[in-house]
Amino acid sequence: MLLSLRDVTKTYPQAPAPVLRGIALDLAAGEMLALTGESGSGKSTLLHLIGGLDRADSGTIRVQGTDLAPLDDAGRAALRRGTVGVIFQQFNLIPSLTVAANIAFQARLAGRHDPARDAALAQRLGLADHLRKYPEQLSGGQQQRVAIARTLAPRPALVLADEPTGNLDEATADSVLSLLQELVAETGAGLIMVTHSERLAARLPRRVHLSAGQIA
Ligand SMILES: Nc1ncnc2c1ncn2[C@@H]1O[C@H](COP(=O)(O)OP(=O)(O)OP(=O)(O)O)[C@@H](O)[C@H]1O
């Protein structure tokens, strides 16, 4: 199993109640899942735990069989460099780097930089004519396509996307999600995408709905 969660619980310090309770979830390689739920239901928190950006209080999270609980910060960072790729709503590109250098960034950190892979991704994502530009010179849709290329370049086994099209208009969101799905499918990775949009959730084969910190 690519991803396996059992009885995962999380309470933020000073919070009156747990934000996640008894979460169990399996995701197989190649599976794509939409994570929905109302604002504050714990979607981003769950994604952060899976990506090793934060720690669960109890329960187990395994990525490709590796339990995240005993990993130190370096171990978690290594997981995000190579195995788990994260795409954010705000793109999070590095403003001082060109598009080409942004695309290469993650794979370089992972020691897996492959210029041919970068070129192929740039071509597929319609970025080939923008490689020498800087992020601020691109539209939102173009910036998110750069972020997708950066995340997919090292061939992560699991892609986590937190409202990846939340800052884009409907038509741009549709085309960016199509590209993301196609490219993830080609690598056989798993995908978990947080979305508020019924329309976008319906495009993924599987949906998990969070309600008040539990899977409904
Ligand atoms: N770092 C934090 N410290 C304390 N409380 C937090 C923290 N991050 C989130 N929370 C709280 O945890 C709950 C769940 O937040 P989370 O961001 O996971 O929800 P969400 O479902 O992703 O919401 P949204 O759809 O609005 O992004 C909320 O009540 C939020 O206020």
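Counting starts at 1 for both ligands and their atoms, in listed order. Atoms considered below: every heavy atom in the structure, side chains included; atoms not considered: hydrogens, waters and symmetry mates. For the single chain, residues carry numbers from 1 onward in sequence order. Nothing here was measured: the structure is a model prediction, and the numbers come from that model.
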Q.
Please determine whether the number of non-hydrogen atoms from other residues, nucleotides or ligands lying under 6.0 Å from atom CD of E182 exceeds 12.
A. yes

Q) Hey, is R6 close enough to D26 for a salt bridge, meaning N to O under 4.0 Å? A) yes

Q) Do S139 and Q142 have side-chain N/O donor and acceptor atoms under 3.5 Å apart? A) yes

Q. With a 3.5 Å cut-off and no angle check, do the side chains of D67 and T60 form a donor-acceptor pair?
A. no

Q: Mind jotting down which protein residues get a heavy-atom contact under 4.0 Å with ligand 1? Chain and number order, please.
A: Y12, V19, E38, S39, G40, S41, G42, K43, S44, T45, H196

Q.
Is it the case that atom CD in E38 sees more than 12 heavy atoms from other parts of the structure closer than 6.0 Å?
A. no

Q: Please list, chain by chain and in numerical order, all residues satisfying salt bridge (Lys or Arg N to Asp or Glu O under 4.0 Å) with R203, sequence neighbours excluded.
A: D174

